[in-house]
Amino acid sequence: MTVTLIWLVVFAVILFFSLKSWEGALGRFFDRKVPAALRSEGDDRWVWCLAMAVLGATLIVNPVSMLLTLLIIALIVWVLKKVVGWGMSKAKTRR
């Protein structure tokens, strides 16, 4: 129960401050860094702020699991990148 309460408080604080700073540097950061394919026609503020609040609260409450999850995701991306690169090099040599 205590962990859930801490998670909710941290979630609310991160959500509040990210929504408050969206018009400033945070919004400009997302405008520069997010590809056009990931942007919606409307306001992306709620989607990105909710995602940051969930990730931030989880990172504060359970940092070890979050770190291990990020390491596993990075390892999977690295392996897929190597396999796709190997496949592309084989496809280029067959011409």
Side-chain angles (χ1 to χ4, degrees):
M1 180 69 178
T2 305
V3 173
T4 304
L5 185 63
I6 293 171
W7 191 91
L8 287 172
V9 168
V10 172
F11 173 80
V13 168
I14 292 174
L15 182 63
F16 173 75
F17 283 120
S18 62
L19 285 172
K20 188 175 178 183
S21 67
W22 186 263
E23 297 301 325
L26 186 62
R28 288 192 305 267
F29 171 78
F30 276 99
D31 284 340
R32 284 193 318 264
K33 297 294 182 182
V34 175
L38 293 178
R39 293 185 193 149
S40 66
E41 295 175 6
D43 192 14
D44 290 337
R45 158 193 320 224
W46 286 99
V47 175
W48 289 109
C49 289
L50 283 173
M52 286 189 320
V54 168
L55 290 174
T58 305
L59 184 64
I60 296 295
V61 171
N62 205 351
V64 175
S65 294
M66 190 73 164
L67 181 62
L68 291 175
T69 303
L70 291 175
L71 286 174
I72 289 172
I73 290 171
L75 181 65
I76 290 170
V77 167
W78 180 75
V79 167
L80 286 175
K81 187 176 176 182
K82 292 293 182 182
V83 168
V84 168
W86 175 79
M88 293 299 288
S89 69
K90 291 294 181 184
K92 289 180 182 177
T93 59
R94 301 245 170 168
R95 287 185 170 201

Hey, could you give me the [atom1]/[atom2] distance between [X] and [Y], rounded to the nearest 0.5 Å?
X	Y	atom1	atom2	value
Ile6	Asn62	CD1	CG	11.5 Å
Ile60	Trp7	CD1	CH2	12.5 Å
Trp22	Asp44	CH2	CG	6.5 Å
Leu70	Leu75	CG	CG	12.5 Å
Asp31	Leu26	CG	CG	9.5 Å

Verify same cluster id: [X], [Y] (apolar side-chain graph, 4.5 Å):
X	Y	value
Leu68	Leu59	no
Phe11	Val9	no
Leu50	Val10	yes
Ile14	Phe29	no

Inset, instruction - Determine yes or no for a side-chain-to-main-chain donor-acceptor pair under 3.5 angstrom, with Ser89 supplying the side chain and Trp86 the backbone. - result: yes

Legend entry - Crowding at CZ, Phe30 (>12 non-hydrogen neighbours, <6.0 Å): yes

Inset, instruction - Let me see the working for Val34 and Trp48 under side chain to side chain contact (heavy atoms under 4.5 Å, CB included), right down to the final yes or no. - result: CA-CA 10 Å; Val34 175; Trp48 289 109; 3.9 Å; yes

Inset, instruction - Would you please name every residue forming a side-chain contact (heavy atoms from CB on, under 4.5 Å) with Phe16, sequence neighbours left out? - result: Lys20

Inset, instruction - Indicate the atoms forming the closest heavy-atom contact of Leu55 with Met66, along with that distance. - result: CD2-CE, 3.3 Å

Inset, instruction - Heavy atoms only: give me the nearest Leu19-Cys49 pair and the separation to one decimal. - result: CD2-SG, 3.7 Å

Inset, instruction - Return the set of residues passing side-chain hydrogen bond (donor to acceptor under 3.5 Å, both in side chains) with Arg28 (not counting sequence neighbours), or none when no residue passes. - result: none

